[in-house]
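Data first, discussion second: the structure below is written as structure tokens.
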Amino acid sequence: SVLDVLILVALLVVLVLHAPMARAVDYFSRTSADWTANKTWKLNSCADTGDAGNAQPGDNANDTATICNNHTIRLDGNQTFTTLTIEGTGRLNMSDNAARTLNVTGNVDVQGAASILRFNSTGAQTLTIGGTLSNNGTIDSLGGVVGNRTLTVAGAIDNTGGTIRFAATNSTMTINANGGINNTANATFDVGNTSNSTLTLNVGGTGIANNGTFNLGVSNTSFATTN
């Protein structure tokens, strides 16, 4: 009957409205280890003394990840989550000698002057950022290492006193700064140290605002602005 249909529709609406949402979790590193290793992560804060067992940032796409002071985390699988923060002397190595993709849908913040985000080994490595990239530490790609690197940032790259340096051997390197590049005083943006490699730098948004050191001294460089 019509009444039965209306009751069924009402029940379905109630079930949808009260269905449990996948819960986002804020993760903090508890030790130096591979990303997916047991007890690499903990909850609540860097000061927390517990562990999250086998859980890790990326179990839910809305998770956040913070790499705490003195910890080095190695990406040993492809991951997608919302925000990444690297504190103090924390470090993220982008690969374990395999092709790796890291997709951060929000912002990435390399906070500390000694914080490091490193494209560190062989294999294609791709970092895609849906928000902004803020750097007060070091973002680099090791020279002498064969492996294609791609950095794509939807928002601005704000290099606020830090160093961004891309180097590799026999590789193709691509930087897509879709929201522009802001290289402040005392900051270094350097893609001049490569060997038999090709770099493509695409800059959109407000273009390049440079008050620091900006080096495009590699011979095989393709530079384009899309703003």
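Atoms CG and OG1, on L199 and T174 in that order, are 7.5 Å from each other to the nearest 0.5 Å. For the atom pair R100 CZ and N120 CG, the distance stands at 11.0 Å (nearest 0.5 Å). The CG atom of N182 sits 11.5 Å away from the CZ atom of F189 when rounded to the nearest 0.5 Å. Separating the CG atom in L75 from the CG atom in L92 is a distance of 6.0 Å, to the nearest 0.5 Å. To the nearest 0.5 Å, atoms CZ (R149) and CG (L127) are separated by 12.0 Å. Distance check, rounded to the nearest 0.5 Å: CG of N93 to CG of D76 gives 11.5 Å.
With hydrophobic clusters built from ILVMFWY side chains whose heavy atoms lie under 4.5 angstrom apart, I116 does not share a cluster with I129. In the hydrophobic cluster analysis, where Ile, Leu, Val, Met, Phe, Trp and Tyr join through side-chain heavy atoms closer than 4.5 angstrom, I139 is grouped together with I208.
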Q: Go through L117 and M94 one step at a time and tell me if the side-chain contact (heavy atoms from CB on, under 4.5 Å) criterion holds.
A: CA-CA 7 Å; L117 193 163; M94 276 288 294; 4.0 Å; yes
Q) Step by step, would you call D190 with F214 a side-chain contact (heavy atoms from CB on, under 4.5 Å)? A) CA-CA 6 Å; D190 180 10; F214 202 98; over 6 Å; no
Q: In sequence, state the C-alpha distance, the side-chain angles, and the governing distance for Y27 and D63, and then conclude on side-chain contact (heavy atoms from CB on, under 4.5 Å).
A: CA-CA 7 Å; Y27 289 95; D63 291 342; 3.5 Å; yes
Q. Under the side-chain contact (heavy atoms from CB on, under 4.5 Å) criterion, do Q79 and T36 qualify, and how do the steps go?
A. CA-CA 10 Å; Q79 300 290 345; T36 64; 3.8 Å; yes
Q: Evaluate the salt bridge (Lys or Arg N to Asp or Glu O under 4.0 Å) criterion for residues R118 and D140: first the C-alpha distance (whole Å), next the side-chain angles of each, then the deciding distance (0.1 Å), finally the verdict.
A: CA-CA 5 Å; R118 176 160 288 165; D140 66 8; 2.7 Å; yes
(Q) Is there a salt bridge (Lys or Arg N to Asp or Glu O under 4.0 Å) between R74 and D34? Walk through the geometry before answering. (A) CA-CA 5 Å; R74 186 174 68 164; D34 284 346; 2.8 Å; yes
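Side-chain contact between E87 and H71 is absent, with no heavy-atom pair separated by less than 4.5 Å. Side-chain contact between Q56 and T40 is absent, with no heavy atoms from C-beta onward closer than 4.5 Å. At least one side-chain heavy atom of T85 sits less than 4.5 Å from a side-chain heavy atom of Q111. When side chains are defined from C-beta on, V108 counts as touching L84, because their heavy atoms get closer than 4.5 Å. Taking 4.5 Å as the limit, every side-chain heavy atom of T150 sits out of range of all side-chain heavy atoms of N148. Residues T126 and N103 are not in side-chain contact: their nearest non-hydrogen atoms beyond the backbone lie 4.5 Å or more apart. In this structure, L133 and L151 have side chains that are in contact, with non-hydrogen atoms separated by less than 4.5 Å.
Under the 3.5 Å distance criterion, the side-chain polar atoms of N210 are matched with a main-chain donor or acceptor of G212. Looking at S141, its side chain never comes within 3.5 Å of a backbone N or O of F166 through a donor-acceptor pair. Without hydrogens or angle criteria, S95 side chain to A98 main chain gives a donor-acceptor distance under 3.5 Å. The backbone N or O of G53 sits less than 3.5 Å from a side-chain atom of D51, completing a donor-acceptor pair. S115 contributes a side-chain N or O that, together with a main-chain N or O of G88, makes up a donor-acceptor pair within less than 3.5 Å. With K42 contributing its side chain and F28 its backbone, the two residues share no donor-acceptor pair below 3.5 Å. Side-chain atoms of N107 never come within 3.5 Å of backbone atoms of T83 as a donor-acceptor pair (strictly under, hydrogens ignored).
Residues G130 and A154 share a closest heavy-atom pair of O-CB, 3.3 Å. Smallest separation of non-hydrogen atoms from A52 and L43: CB-CD2, 4.1 Å. Nearest heavy-atom pair across S29 and I73 is CB-CD1, 4.0 Å. Nearest heavy atom pair, residue W41 against residue A55, reads CD1-O, 3.9 Å. The heavy-atom pair separating T152 from N176 by the smallest distance is OG1-ND2, 3.0 Å. Closest approach of A187 and G161 over heavy atoms only: CB-N, 3.5 Å.
Defined by atom type and a distance below 3.5 Å, a donor-acceptor pair is present between the side-chain atoms of D26 and T64. At a cut-off of 3.5 Å, with distance as the only test, a side-chain donor of N70 or T89 sits close to an acceptor on the other residue. No side-chain N or O of D109 forms a donor-acceptor pair with one of S134 less than 3.5 Å apart.
Screening residues 79-118 for disulfide (SG to SG under 2.5 Å) gives no qualifying pairs among residues at least two apart or on separate chains. Note on residues 58-120: pairs passing disulfide (SG to SG under 2.5 Å), not counting sequence neighbours, are C46-C68.
Remark: T172 pairs with no residue by the side chain to side chain donor-acceptor pair (under 3.5 Å) rule, at least two apart or across chains.
Checked against the 6.0 Å centroid threshold, F81 and W35 count as a close aromatic pair.
Screening N215, I164, I175 for a side chain to side chain contact (heavy atoms under 4.5 Å, CB included) with V191, the sole residue that qualifies is I175. Remark: of the listed residues T184, T163, T160, T160 is the sole one forming a side chain to side chain contact (heavy atoms under 4.5 Å, CB included) with N136.
Around the CG atom of N186, the shell of radius 6.0 Å holds no more than 12 heavy atoms that belong to other residues, nucleotides or ligands.
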